[in-house]
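Report on the following structure.
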Amino acid sequence: MASFHQTRLVKIFPVLAGTMNNEHDRVARAELARRIARLGGATFVEHEPSTVREPYDPHHTLFIPPGTIELAVAVQLGIRNESQIYGGVVPHGFVGSKVITHPLFQPNDSIPTGWRPELGAALAPYVLSGWSAFDIDTVRAASLDLLQHGSIRLKEVEATAGLGQYVATSPQGLEEAIAQLDAKNIARHGVVIEQNLDNVVTYSVGMTCLFGETISYWGTQRLATNNEGAVVYGGSTLHVVRGGFQQLAALELADDLKQAIEKAIAYDAIVSKFYPELMASRRNYDVAAGVNATGEMRVGVLEQSWRAGGASGAEIAAFEAFARDRERSTVTCATMEIYGEVDAAPEGSTLYYSGIDPVAGPMTKYVMELE
């Protein structure tokens with residue numbers, strides 16, 4: 001495998017970049033690709049393979065898609081192993097979404113091909129209480145079942161950055177939440193109904209492999225208020241170590257954080273067992289720690305991310321720090337997303353976006369090495 005100091009003849013394609021809705025996402029993804037290219041001594045090509053006139057060798061190409069891609073697409077692109085992608089490949093599209101985190105409340109004809117019914121039970125000790133559903137009637141029934149034990153959260157499985165989530169504390173509130181769901185999207189992608197926690201801390205636990213090097217990390221997320229007044233993802237701070245999950249699990253940390261890491265590692269192993277075709281060079285897990293309706297502390301994995309995400313800039317900053325100092329074994333890096341301001345990145349940071357996004361409005365995205 002190549003090290004940071006070996007030049008590779010690679011071209012990095014942001015595959016399907018046109019599917020990204022916001023300018024700030026496209027610009028930030030391009031900057032991410034440039035920095036990854038620099039790490040690998042690669043050439044960055046900012047268009048899809050179908051529009052490239054010159055031939056490319058998939059064995060010397062690193063693909064950076066905006067989401068997990070299905071195995072059939074990976075085969076067409078020539079992707080055979082995780083070293084060819086920053087992100088992940090799944091055998092079925094739904095495997096890359098949060099819908100796999102919970103079992104079905106009740107089976108029906110809309111269950112997607114490839115669904116493994118035993119997976120939900122296997123993951124249950126490592127996640128919060130919850131159900132998955134693929135039609136409105138089942139969403140209602142599953143929600144009413146879970147409401148008996150406290151407030152619940154309905155989550156559209158394709159939504160990101162904290163959007164598409166609705167909290168219900170009563171049957172009336174549930175109907176208001178259900179009214180905001182789209183029946184066609186539910187049938188196609190599913191909905192997660194999950195126990196809602198109070199006083200929540202959301203940890204990020206992950207492992208990333210690039211050019212033969214591996215890092216792992218734990219981190220925390222912050223929230224921001226976007227230009228429409230909604231509370232959304234606002235960035236992450238990652239505490240990074242050289243090596244994989246084994247090195248991460250060996251750290252001396254607080255009990256709830258230890259639990260978060262252990263449960264993320266277990267989630268990763270179980271899903272990989274049920275779907276052995278899964279390939280992922282980036283394995284990121286959101287883990288919630290908070291208090292349930294009876295005052296009990298709960299820790300559970302919320303979802304996986306096998307794609308470039310909000311914390312990716314911090315991951316690449318960690319790779320860059322380790323590349324500059326081969327003796328260094330730890331680093332802390334952070335991503336920030338600031339709404340309502342342009343040119344808000346402080347001196348010494350790496351700018352990923354600053355401007356007025358036609359959809360999201362004025363904002364700044366940057367990355368900093370903290371220690």
>> Hydrogens and angles aside, do E194 and S129 bring a side-chain donor and acceptor to less than 3.5 Å of each other?
In response: no

> Taking the six-membered ring for Trp, is the centroid-to-centroid distance between Y285 and Y267 below 6.0 Å?
Replying inline: yes

> Donor-acceptor pair, S281 side chain versus G87 backbone, under 3.5 Å?
Replying inline: yes

> Does N199 reach the main-chain N or O of V291 with its side chain, forming a donor-acceptor pair under 3.5 Å?
Replying inline: no

>> Under a 3.5 Å cutoff, is there a donor and acceptor pairing between the side chains of W131 and D145?
In response: yes

>> If you count every heavy atom of other residues, nucleotides or ligands that lies below 6.0 Å from D325 atom CG, does the total exceed 12?
In response: yes

>> For the CG atom of L370 and the SG atom of C333, what is their distance to the nearest 0.5 Å?
In response: 7.0 Å

> Does any N or O in the side chain of D357 come within less than 3.5 Å of the main-chain N or O of H24, such that one atom is a donor and the other an acceptor?
Replying inline: yes

>> Between E369 and R328 (salt bridge meaning N to carboxylate O under 4.0 Å), is one present in this structure?
In response: yes

>> Using every non-hydrogen atom in the two residues, find where E303 and T101 come nearest and quote the distance to one decimal.
In response: CA-OG1, 4.2 Å

> What is the minimum heavy-atom distance between V192 and K98, and which atoms define it?
Replying inline: CG2-O, 3.5 Å

> Which heavy atom in T350 sits nearest to a heavy atom in R35, and how many Å separate them?
Replying inline: CG2-NH1, 3.3 Å

> Is it true that a side-chain atom of R283 and a backbone atom of V205 form a donor plus acceptor pair closer than 3.5 Å?
Replying inline: no

> Taking Q247 for the side chain and G244 for the main chain, is one N or O donor matched with an acceptor at less than 3.5 Å?
Replying inline: yes

>> Taking A177's backbone N and O only, do any of them form a donor-acceptor pair with Q180's side chain (distance below 3.5 Å, no angle check)?
In response: no

> Strictly by modelled atom types, are S312 and Y86 linked by a side-chain donor-acceptor pair under 3.5 Å?
Replying inline: yes

>> Looking at Y233, is its backbone amide N or carbonyl O close enough to the side chain of Q221 to form a donor-acceptor pair, meaning the two atoms are under 3.5 Å apart?
In response: no

> Is any side-chain N of the basic residue among D135 and R140 closer than 4.0 Å to the acidic one's carboxylate O?
Replying inline: no

> CE/M368 to OG1/T237 distance, rounded to the nearest 0.5 angstrom?
Replying inline: 11.0 Å

> Would you say the side-chain atoms of K155 pair up with the backbone N or O of V99, donor to acceptor, closer than 3.5 Å?
Replying inline: no

> If you measure from OG on S132 to CD1 on I186, what distance do you get to the nearest 0.5 Å?
Replying inline: 12.0 Å

> Which pair of heavy atoms, one from L62 and one from S83, lies closest together, and at what distance?
Replying inline: CD1-O, 3.6 Å

> Taking R282 for the side chain and R307 for the main chain, is one N or O donor matched with an acceptor at less than 3.5 Å?
Replying inline: yes

> Can a donor-acceptor pair be found between the side chains of E341 and T364 at a distance below 3.5 Å?
Replying inline: no

>> Using only atom types and a distance under 3.5 Å, with no angle test, would you say the side chain of S354 pairs donor to acceptor with the backbone of D343?
In response: yes

>> How long is the straight-line distance from CD1 of I215 back to SG of C209, given to the nearest 0.5 Å?
In response: 9.0 Å

> If you round to the nearest 0.5 Å, how far is CD1 of I270 from NZ of K263?
Replying inline: 11.5 Å

> Are V201 and L302 co-members of a hydrophobic cluster defined by side-chain heavy atoms under 4.5 Å apart?
Replying inline: no

>> Assigning hydrophobic clusters by single linkage (Ile, Leu, Val, Met, Phe, Trp, Tyr; side-chain heavy-atom cutoff under 4.5 Å), is I193 placed with V157?
In response: no

>> My understanding is that only one of L32, T335, L351 makes a side-chain contact (heavy atoms from CB on, under 4.5 Å) with V367; could you say which?
In response: T335

>> For Y217, run the side-chain hydrogen bond (donor to acceptor under 3.5 Å, both in side chains) check against T332, T208, N284 and tell me which one passes.
In response: N284

> Does F274 share a hydrophobic cluster with W115, counting links as ILVMFWY side-chain heavy atoms below 4.5 Å and allowing steps through other members?
Replying inline: yes

>> Between E327 and R242, does any NZ, NE, NH1 or NH2 come within less than 4.0 Å of an OD or OE carboxylate oxygen?
In response: no

> Between CD1 of I85 and OG1 of T61, what distance do you get to the nearest 0.5 Å?
Replying inline: 12.0 Å

> At their closest point, which heavy atom of V95 faces which heavy atom of I100, and how far apart are they?
Replying inline: O-CD1, 3.5 Å

> For the residue pair Y275 and H92, does the interplanar ring angle fall in the parallel (under 30°), tilted (30 to 60°) or perpendicular (over 60°) class?
Replying inline: perpendicular

> Judged by modelled atom types alone, do E156 and Y166 share a side-chain donor-acceptor pair under 3.5 Å?
Replying inline: yes

>> For A289 versus M297, what's the shortest heavy-atom pair and its separation?
In response: CB-CE, 3.7 Å

> Picking from E23, K365, R29, E31, what satisfies side-chain hydrogen bond (donor to acceptor under 3.5 Å, both in side chains) with Y353?
Replying inline: E23

> Do other residues, nucleotides or ligands put more than 12 heavy atoms under 6.0 Å from the CD atom of E228?
Replying inline: no

>> With a 4.5 Å cut-off on side-chain heavy-atom distances among I, L, V, M, F, W and Y, is there a chain of contacts connecting V299 to L253?
In response: yes

>> Using the rule that Ile, Leu, Val, Met, Phe, Trp and Tyr join whenever any side-chain heavy atoms are under 4.5 Å apart, tell me whether I152 and V200 fall into a single cluster.
In response: no

